Number of protein chains: 2
Amino acid sequence: MPTHYKGCQEAERALSAYINLIRASDSLVSKASTQLEQSGMTLGQFAVLEALHHLGPMCQHTLAKKLLRSGGNITLVVDNLEKRGWVRRERQKDDRRMIQIHLTPKGARLIAKVFPEHAAAITQIMKELTEQEQEELRRIAGKLGHGAENFCLERFKKEQHHDSDPTK
Amino acid sequence: MPTHYKGCQEAERALSAYINLIRASDSLVSKASTQLEQSGMTLGQFAVLEALHHLGPMCQHTLAKKLLRSGGNITLVVDNLEKRGWVRRERQKDDRRMIQIHLTPKGARLIAKVFPEHAAAITQIMKELTEQEQEELRRIAGKLGHGAENFCLERFKKEQHHDSDPTK
DNA sequence: CTTGAATCATTCAAACTCAAACGATTGGAT
DNA sequence: ATCCAATCGTTTGAGTTTGAATGATTCAAG
């Protein structure tokens, strides 16, 4: 019996989980991106629109933290969203360093239509797992991505359970 | 009670799992990349070296399929690995369309040193989960990334348990 | 043998991402 | 009031990835 048998088992278990996790994520991101392309938007653009939709206007720095992206990245995504007329920049009066990003009516209509579609697509894909497996996946993956707050879900629940009023 | 309550619950469960999965994956990839940077290589470069290390020489097309990357991407990664003297291209005689990628002795020494380090780092990160959680994660994520074969793990196990002979 | 489809690698343009450098603005310390 | 550090958004350069176009090679059908 090799002296390092236990370490072996441990590494096997960890690496198996690691690889399967990343492959599953890649697979899902790929499917989600394809689905969103039909609506003419990027996954990154969707993420920004969704954050604004569920959390209201916010500055780019906050967006970057929420979405775990670099500031430069947010600048680019917001640029593209602005070109399409889905968001607008609004310099804050009290602190002119910040720029609040607002959904335009056009952008609000779009995300209000696309989000349920996207949610339905994800829900459909997740049907490959049982309810218990989904719960377990949520719990276990949550432990690994610890810093991550489920910001969008919090609001999503409220919105669905007792229709939140859209008047900011 | 809203009529769509059940669909709601379903979507909540699916989206929670989806988001946590992607965040966990991002977090792990980020940590893994940082760890590999110390060895002076990219995650993509590591993946290619690791595949060659555990599966032996293969052509770029096979690499692309194994690693779920585009052909153009593999060309670039192999270019960079070749510049560093870690792999060499060898045109096949029987089918001159294919180019087999071989580890150079230098590359073989490198991956033989780096892989255990990287495996140890992943193992360490995964300690945030219990053994049972790792098993569950492997199983559940495996269902989602279904097309994905655990090619490297298969060989990794053999190698560790009864030192496979390196003579191709 | 010749033609045409299929396979494989390369190249190129486009998009996305990050990190670092930069300029503008703010707020606190002196 | 002035200076200095911190914060915020933008720009730039480098790296990664994809998909489409291209060229080389193989194989099978006629």
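By convention in this document, chain letters (A, B, ...) are assigned in the order of the sequence lines, proteins followed by strands, and residues within each chain are numbered from 1. Quantities reported herein were computed from a predicted structural model and do not represent experimental measurements.
- For A:Asp26 and D:dT17, the CG to P distance is 10 Å, given to the nearest whole Å.
- Taking 4.0 angstrom as the limit, B:Thr75 places none of its side-chain polar atoms (N or O) nearer than this to OP1 or OP2 of C:dT11.
- As rounded to whole Å, 13 Å separates atom C1' of D:dT11 from atom CD of A:Gln60.
- For D:dG19, the OP1/OP2 oxygens have no side-chain nitrogen or oxygen of B:Ser70 closer than 4.0 Å.
- Each of D:dT26, D:dT10, D:dT16 was ranked by its minimum atom distance to the side chain of B:Asp95; first place goes to D:dT26.
- Across the protein-nucleic acid pair, A:Asp94 atom CG and D:dC8 atom P stand 12 Å apart, rounded to whole Å.
- Atom CE of B:Met98 is separated from atom C1' of D:dT25 by 10 Å (rounded to the nearest Å).
- The line from CD1 of A:Ile140 to CD of A:Glu135 is 11.5 Å long, rounded to the nearest 0.5 Å.
- A close approach under 4.0 Å does not occur between any side-chain nitrogen or oxygen of A:Thr42 and OP1 or OP2 of C:dA15.
- Residue B:Asn73 places at least one side-chain N or O under 4.0 Å from the OP1 or OP2 atom of D:dT18.
- A salt bridge does not link B:Glu10 to B:Arg13: none of the charged side-chain nitrogens sits closer than 4.0 Å to a carboxylate oxygen.
- B:Lys83 places a side-chain heavy atom less than 4.5 Å from the side chain of B:Asn80.
- Salt-bridge formation is not detected for the pair A:Arg88/A:Glu82: no Lys NZ or Arg NE/NH1/NH2 atom is positioned less than 4.0 Å from an Asp or Glu carboxylate oxygen.
- Where A:Gly72 and B:Asp79 meet DNA chain C, the nucleotide closest to each residue was compared, and B:Asp79 sits on the side nearer the 5' end.
- One interatomic measurement links the two molecules: CZ of B:Arg97 to P of D:dT25, which rounds to 11 Å at whole-angstrom precision.
- With the nearest nucleotide of DNA chain C identified for both A:Leu76 and A:Arg91, A:Leu76 has the one nearer the 5' end.
- Between B:Phe46 and B:Phe115, the two ring planes are parallel [angle under 30°; tilted spans 30° to 60°].
- Distance, B:Ile74 CD1 to C:dA9 P: 10 Å, rounded to whole Å.
- In terms of phosphate contacts, A:Arg96 brings no side-chain nitrogen or oxygen within less than 4.0 Å of OP1 or OP2 of C:dG23.
- A sub-4.0 Å separation between OP1 or OP2 of D:dG9 and a side-chain N or O of A:Arg69 is absent.
- Put simply, NE2 on A:His61 is 13 Å from P on D:dT10, counting in whole angstrom units.
- The nearest whole Å value for the distance from the CG atom in A:Leu67 to the C1' atom in C:dC18 is 15 Å.
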